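Report on the following structure.
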2 protein chains.
Amino acid sequence: MATGRTHRPATRSRGIPEATVARLPLYLRALTGLSERSVPTVSSEELAAAAGVNSAKLRKDFSYLGSYGTRGVGYDVEYLVYQISRELGLTQDWPVVIVGIGNLGAALANYGGFASRGFRVAALIDADPAMAGKPVAGIPVQHSDDLEKIISENGVSIGVIATPAGAAQPVCDRLVAAGVTSILNFAPTVLSVPEGVDVRKVDLSIELQILAFHEQRKAGEDAAAAEAADVVAPVVRGGAAVDRKGPDGDMPAVMPA
Amino acid sequence: MATGRTHRPATRSRGIPEATVARLPLYLRALTGLSERSVPTVSSEELAAAAGVNSAKLRKDFSYLGSYGTRGVGYDVEYLVYQISRELGLTQDWPVVIVGIGNLGAALANYGGFASRGFRVAALIDADPAMAGKPVAGIPVQHSDDLEKIISENGVSIGVIATPAGAAQPVCDRLVAAGVTSILNFAPTVLSVPEGVDVRKVDLSIELQILAFHEQRKAGEDAAAAEAADVVAPVVRGGAAVDRKGPDGDMPAVMPA
DNA sequence: CCATCTTTGTGCACGCGTTCACAAAGACAT
DNA sequence: ATGTCTTTGTGAACGCGTGCACAAAGATGG
Ligand SMILES: NC(=O)c1ccc[n+]([C@@H]2O[C@H](COP(=O)([O-])OP(=O)(O)OC[C@H]3O[C@@H](n4cnc5c(N)ncnc54)[C@H](O)[C@@H]3O)[C@@H](O)[C@H]2O)c1
Ligand SMILES: NC(=O)c1ccc[n+]([C@@H]2O[C@H](COP(=O)([O-])OP(=O)(O)OC[C@H]3O[C@@H](n4cnc5c(N)ncnc54)[C@H](O)[C@@H]3O)[C@@H](O)[C@H]2O)c1
């Protein structure tokens, strides 16, 4: 997904589908739970239920990693934990910096889920001079003037951005220039990065809006049954000064599913 | 749509693909920025660049909403803001409750991005008796004993779970029983919900693991790039108007559960 | 060893999403 | 009106992801 589109599936041949990669952490978490309860083996059916996915999908996902199961028995939990961890690169230590230690940044710094896997908070960085030296989650906050030095000295390749939206792109640019090649962005902005840098974003507002869309639909389904034949919806336009054609121009009342 | 295939095409809402719905908030944010700068119209090319997507994709997305553009000119910003807002259900007010007011829950409560759209924090709920009555972000925390009452009295249909993982499912069950039909889950757990309830999850740990995977792959490629020079392929695409390519920052970091 | 039973691994079909490419639509000038 | 120029809206092709269904593999029992 990230690179290589008009080329041969060079990365695809040995590569794992992006959708599968996104599910591996899910499997890993379920397997870790089983491991802690000393369960020796699991079937694809059981594990799929624990991870909340289809069992066929899980088996296909695992097939990209190799044949790690035993027919008639299932998968060895410990072995699979190791294989997935290795595939995800969690057998090594990943130093991470968090930039922007406000409400969210502080919460992230305090989050125990970082260290539970191979991630280590190498540094907390903020532009506010008043925060410099102040410990958050036991780690002293450093000023953003030293960002480049911090990145290079700690060999950081993963950065988390929790600054206000306006500061996100400049911070991103500095992180990338300093050598960071993976960014997790919490600021509600589209980040522009050069080729080879991965960006993933977490946007609470977008999630809520998606939920609202479906929520509206659920609420509208009841009313829709009543006024099913009502076609022309008198759209009340707020603020817009331009006159437009009405919606639902040639939309069939019932969509051909 | 999480699990279980109903007799109806639940995925195909009103002819609007799920992938399109997930991008509408992105367009809306870009349009809001243009609106604040009093830009009257935008072309699909400009707006697509601002939203970080392909212009053809944007046009196709908009085509699901209707024909709101003018050929040779582009789209009327204000009008489009209204249309997308209406489609997403943001013209109405959505009361939201946050359950689990710890580090993350408090950060969410303080987040201004809630009110910027039609979302309103109706209540903060926590199980810790010591927190009851204590104001967070100007809102007094209420005890979870009153959860059902709070939900019904405020007509809440969207709930945010920011409790520890172990408490997430019980909290979810209570929310759903009280009438909540959309849940945004921050706890690292697979939530089981009845038909008709939407769950979206935000999992920081998963995001980091996905980044780690690609990071590892990048590191491995560099090692192999020394001798296998044919693999590198400097992807120079002619005709593209983009100079600074934003690779794949638009991959949603949150997945429908 | 053979039979049976369980569960994996995967070939295959299908639907969704993305992208290209272009005709049609409208703005604007003459 | 007519022509040119810009940009939308969409048909069509393609690739990816998903889920079904089943043969193969191995365990287990006699
Ligand atoms: N709080 C949430 O729940 C939440 C949810 C979703 C998204 N977000 C987004 O996350 C970001 C942070 O949210 P917050 O509530 O923590 O905001 P905040 O204002 O509490 O914290 C922002 C911090 O970033 C620092 N900062 C500003 N510019 C900086 C720079 N150039 N370099 C380094 N540090 C800088 C500030 O000093 C401050 O400490 C915002 O973009 C917000 O929209 C927050
Ligand atoms: N902090 C982060 O950055 C972060 C990031 C990703 C995920 N998470 C997840 O979000 C959740 C919250 O994280 P946190 O750091 O805020 O934890 P936290 O311990 O600071 O806060 C948890 C809060 O939930 C409350 N609580 C516990 N049981 C409850 C119940 N049954 N009903 C209502 N409230 C209850 C607790 O009293 C506490 O106030 C955790 O599941 C965590 O894994 C946190």
Side-chain angles (χ1 to χ4, degrees), chain A residues 1-2 4-13 15-24 40-49 51-76 79-80 242 244-245 247 249-251 255-257, chain B residues 1-5 9-13 15-24 40-49 51-76 79-80 237-242 248 250-252 255-256:
Chain A
M1 181 100 191
R5 39 192 59 169
T6 42
H7 288 283
R8 289 172 297 133
T11 51
R12 195 72 61 196
S13 56
I16 301 173
E18 191 58 31
T20 295
V21 173
R23 280 188 294 268
L24 289 182
T41 59
V42 272
S43 67
S44 63
E45 203 70 49
E46 294 167 326
L47 185 55
V53 301
N54 185 297
S55 71
K57 194 187 296 185
L58 178 142
R59 287 198 301 275
K60 178 144 290 191
D61 283 340
F62 285 174
S63 76
Y64 293 114
L65 308 183
S67 285
Y68 295 148
T70 304
R71 300 181 188 218
V73 175
Y75 300 91
D76 182 276
Y79 186 60
L80 204 47
V242 194
R244 288 303 178 113
K245 46 182 167 282
D250 42 14
M251 283 271 270
M255 296 293 293
Chain B
M1 72 166 176
T3 52
R5 212 70 175 108
T11 29
R12 206 72 168 203
S13 323
I16 302 182
E18 190 59 30
T20 295
V21 172
R23 280 189 294 267
L24 290 182
T41 59
V42 271
S43 68
S44 64
E45 203 70 50
E46 295 166 327
L47 185 54
V53 302
N54 184 296
S55 70
K57 194 187 294 185
L58 178 141
R59 286 198 302 276
K60 177 140 290 193
D61 283 342
F62 285 175
S63 77
Y64 293 114
L65 308 182
S67 284
Y68 295 148
T70 305
R71 299 179 189 221
V73 176
Y75 300 90
D76 182 276
Y79 186 60
L80 203 48
R237 315 206 44 202
V242 276
D248 274 318
D250 50 49
M251 180 84 181
M255 318 173 57

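In the text below, chain A, chain B and the rest are named by the order of the sequence lines, each starting its count at 1. Just so it is clear, the values below take in all heavy atoms, side chains as well, and ignore hydrogens, waters and symmetry mates. Everything numeric in this text was worked out from a predicted model, so none of it was measured.
- Regarding B/Tyr68, its OH atom lies at a distance of 18 Å from the C1' atom of C/dA25, rounded to whole Å.
- Across the protein-nucleic acid pair, A/Lys60 atom NZ and D/dG19 atom P stand 11 Å apart, rounded to whole Å.
- The distance between atom CZ of B/Phe62 and atom P of D/dT8, rounded to the nearest whole Å, is 10 Å.
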Are there any protein N/O atoms within less than 3.5 Å of an N/O atom in nucleotides 2-6 of chain C, and if so, which ones and at what distance?
none

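- Distance, B/Asp76 CG to C/dA27 P: 13 Å, rounded to whole Å.
- The shortest heavy-atom contact between A/Tyr64 and A/Ile16 is CB-CG2, 4.3 Å.
- A search for side-chain contact (heavy atoms from CB on, under 4.5 Å) contacts involving A/Tyr68 returns A/Leu65, A/Tyr79, A/Leu80, A/Gln83, A/Arg86, not counting sequence neighbours.
- The base of C/dG17 does not come close enough to the side chain of B/Lys57 for any donor and acceptor atom to sit less than 3.5 Å apart.
- Side-chain proximity of A/Ser44 to D/dT10, C/dT8, C/dT18: nearest is C/dT8.
- Computed from coordinates, the B/Arg59 CZ to C/dA23 P distance equals 15 Å when rounded to whole Å.
- Remark: A/Ala56 engages A/Asn54, A/Arg59 in a side-chain contact (heavy atoms from CB on, under 4.5 Å) (not counting sequence neighbours).
- In this structure, A/Leu24 atom CG and D/dG17 atom C1' are separated by 15 Å, rounded to whole Å.
- Mapped onto DNA chain C by nearest heavy atom, B/Ala56 and A/Val42 fall at different nucleotides, with A/Val42 at the one closer to the 5' end.
- Residues A/Glu46 and A/Thr41 approach most closely at OE1-O, 4.4 Å, considering heavy atoms.
- Nucleotide C/dA25 holds its C1' atom 13 Å from the OH atom of B/Tyr75, rounded to whole Å.
- Residues passing the side-chain contact (heavy atoms from CB on, under 4.5 Å) test with A/Thr70, sequence neighbours excluded: A/Val73.
- Nearest nucleotide to the A/Pro17 side chain, out of C/dA21, C/dT18, D/dG17: D/dG17.
- Distance CD (A/Glu18) to P (D/dT18): 12 Å, rounded to an integer number of Å.
- For A/Tyr75, the ring-ring contact (aromatic ring centres under 6.0 Å, His included) criterion is met by A/Phe62, not counting sequence neighbours.
- Of the candidate nucleotides C/dT18, D/dT8, D/dA27, C/dT18 has the atom nearest to the side chain of B/Arg23.
- For B/Ala48, the side-chain contact (heavy atoms from CB on, under 4.5 Å) partners are B/Val53, B/Ser55, B/Leu58, not counting sequence neighbours.
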